[in-house]
Novice: 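So that we are looking at the same thing, I have put the structure below in structure tokens.
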Amino acid sequence: MSRVPVIAGNWKMNTTPSEGAELASDLKDRLSGYEGAEVIIAPPFTHLFQVGAEISDSPIKLASQNMSDKESGAYTGEISPKMLIGLGCEYVIIGHSERRQYFGETDFIVNAKLHTAIKNGIKPIICIGETLDERDKGQAFDVVSLQLDLGLANVEKNGARTIIIAYEPVWAIGTGKTASDDQAQEIHGFIREKLEKCLGTEIASETRILYGGSVKRDNVDGLMAKPDIDGALVGGASLNAESFERIVKFKEL
Ligand code: PGA
């Protein structure tokens with residue numbers, strides 16, 4: 001089956017609210033009428049209202065970069081799925097490597113957030129990927145496999161249909177180093193086989209698997225030409241409207 005490509009921009013902790021609104025407005029103009037990919041942007045929490053208003057009359061979709069695994073209550077500083085949905089978020093990024101690395105997010109927390117997201121109707125973008133040390137030791141496949149087993153534990157088929165997977169080798173994030181097209185495809189193919197075993201052929205063939213890690217205008221076309229690469233999760237290059245536009249409008253090689 002054909003999978004609609006997804007290009008998602010993760011702004012991380014960048015831009016002020018007014019800069020974010022300006023970037024969103026610029027993107028909206030540049031991408032107006034473009035239907036070649038599903039476009040998602042994930043601004044900081046503080047920008048969601050304003051950016052959401054800016055893109056409300058465009059096909060660009062809103063995501064948050066994180067979310068609580070709790071639904072409501074005395075959890076100071078946390079943001080619930082209903083709050084995000086109320087601001088127009090259709091997607092939430094879960095388990096980004098920076099959350100795992102700097103904020104102690106484990107696969108168990110990722111799994112709890114995944115279930116909370118599915119239960120509340122916000123679509124999860126689950127991030128997985130190995131570190132350089134793990135790759136050098138030949139453990140990349142094992143690491144990704146375990147992250148999938150634990151992160152997707154007990155997910156039901158209907159919920160699984162809403163999930164996007166983002167493979168982001170940690171050594172390629174923000175470093176300028178990208179996995180080669182073949183290295184990325186190798187892991188993407190492996191992820192799809194694994195999904196097939198856990199969730200069946202139909203869901204595995206429908207699930208979009210994005211690549212992330214120093215995706216830029218110069219490397220997006222080669223990556224997108226690979227059969228199991230269905231899109232990109234873009235960090236740095238999503239902060240510039242012109243470069244993000246070029247990535248969204250990747251050329252089918
Ligand atoms: P990068 O970030 O494109 O700046 O490498 C990707 C990501 O962390 O999602």
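For clarity, every value in this text was computed on a predicted model and none was experimentally measured. Both ligands and their constituent atoms are indexed starting at 1 by order of listing. FYI, side chains are in, hydrogens and waters are out, and symmetry mates aren't considered; it's all heavy atoms of this structure.
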Novice: Could you list which atoms of ligand 1 come closer than 4.0 Å to a heavy atom of Gly213?
Specialist: 5 (O)
Novice: Please list, in number order, the atoms of ligand 1 under 4.0 Å from a heavy atom of Asn10.
Specialist: 9 (O)
Novice: Strictly below 4.0 Å, N to O, side chains only: are Glu206 and Arg161 in salt-bridge contact?
Specialist: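 Salt bridge: yes.
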Novice: Would Ile164 and Ile187 show up in the same hydrophobic cluster when neighbours are defined by side-chain heavy atoms closer than 4.5 Å?
Specialist: no
Novice: Quick check: is Val234 connected to Leu62 through a chain of hydrophobic side chains (ILVMFWY, heavy atoms under 4.5 Å apart)?
Specialist: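 Linked, Leu62 and Val234 end up in one cluster.
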Novice: Could you tell me whether the side chain of Arg208 and the main chain of Val4 form a donor-acceptor pair under 3.5 Å?
Specialist: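 Indeed, once roles are kept as given, a pair shorter than 3.5 Å links the two residues.
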Novice: Under 3.5 Å, is there a donor-acceptor pair linking the side chains of Glu168 and His96?
Specialist: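 Short answer, yes.
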Novice: Name the closest protein heavy atom to atom 7 (C) of ligand 1, giving the residue it belongs to and the distance to 0.1 Å.
Specialist: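 Ranking protein heavy atoms by distance from atom 7 (C) of ligand 1, first comes Glu168 OE2, 3.2 Å.
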Novice: Which ligand 1 atoms, with their elements, are less than 4.0 angstrom from a heavy-atom of Ala172?
Specialist: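 Those of ligand 1 that fall under 4.0 Å from Ala172 are 5 (O).
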Novice: Give a yes or no on whether a salt bridge exists between Asp230 and Arg3, defined as a side-chain N under 4.0 angstrom from a carboxylate O.
Specialist: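 A salt bridge is present here (some side-chain N lies under 4.0 Å from a carboxylate O).
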Novice: Salt bridge check: are Lys61 and Glu90 linked by an N-O gap of less than 4.0 Å?
Specialist: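 Yes.
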Novice: So if you build clusters from Ile, Leu, Val, Met, Phe, Trp, Tyr with side-chain heavy-atom gaps below 4.5 Å, do Val248 and Ile209 land together?
Specialist: yes
Novice: Using 4.0 Å as the upper bound for N to carboxylate O, is an ion pair formed by Lys251 and Asp221?
Specialist: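 Here Asp221 does not pair with Lys251 in a salt bridge, since their nearest N and O are not under 4.0 Å apart.
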Novice: Consider ligand 1: state whether an atom of it lies below 4.0 angstrom from any non-hydrogen atom of Ser97.
Specialist: no
Novice: Identify, by atom number and element, the atoms of ligand 1 in contact range of His96, meaning under 4.0 Å from any of its heavy atoms.
Specialist: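 Checking each atom against His96, I get 7 (C), 8 (O), 9 (O).
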Novice: Applying a strict 4.0 Å limit to heavy atoms, is Ala237 in contact with ligand 1?
Specialist: no
Novice: Which protein heavy atom lies closest to atom 6 (C) of ligand 1, and at what distance to 0.1 Å?
Specialist: Gly235 N, 3.5 Å
Novice: Report yes if Ser214 has an N/O atom closer than 3.5 Å to an N/O atom of ligand 1; otherwise report no.
Specialist: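 Yes: some nitrogen or oxygen of Ser214 is under 3.5 Å from one in ligand 1.
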Novice: Looking only at protein heavy atoms, which one is nearest to atom 4 (O) of ligand 1, and what is the separation?
Specialist: Gly236 N, 2.8 Å
Novice: Yes or no: does Gly174 have any heavy atom under 4.0 Å from an atom of ligand 1?
Specialist: yes
Novice: Identify the closest protein heavy atom to atom 2 (O) of ligand 1: which residue and atom is it, and at what distance?
Specialist: Lys12 NZ, 3.2 Å
Novice: Below 4.0 Å, non-hydrogen atoms only: which portion of Ile173 touches ligand 1? Side chain, backbone, both or neither.
Specialist: both
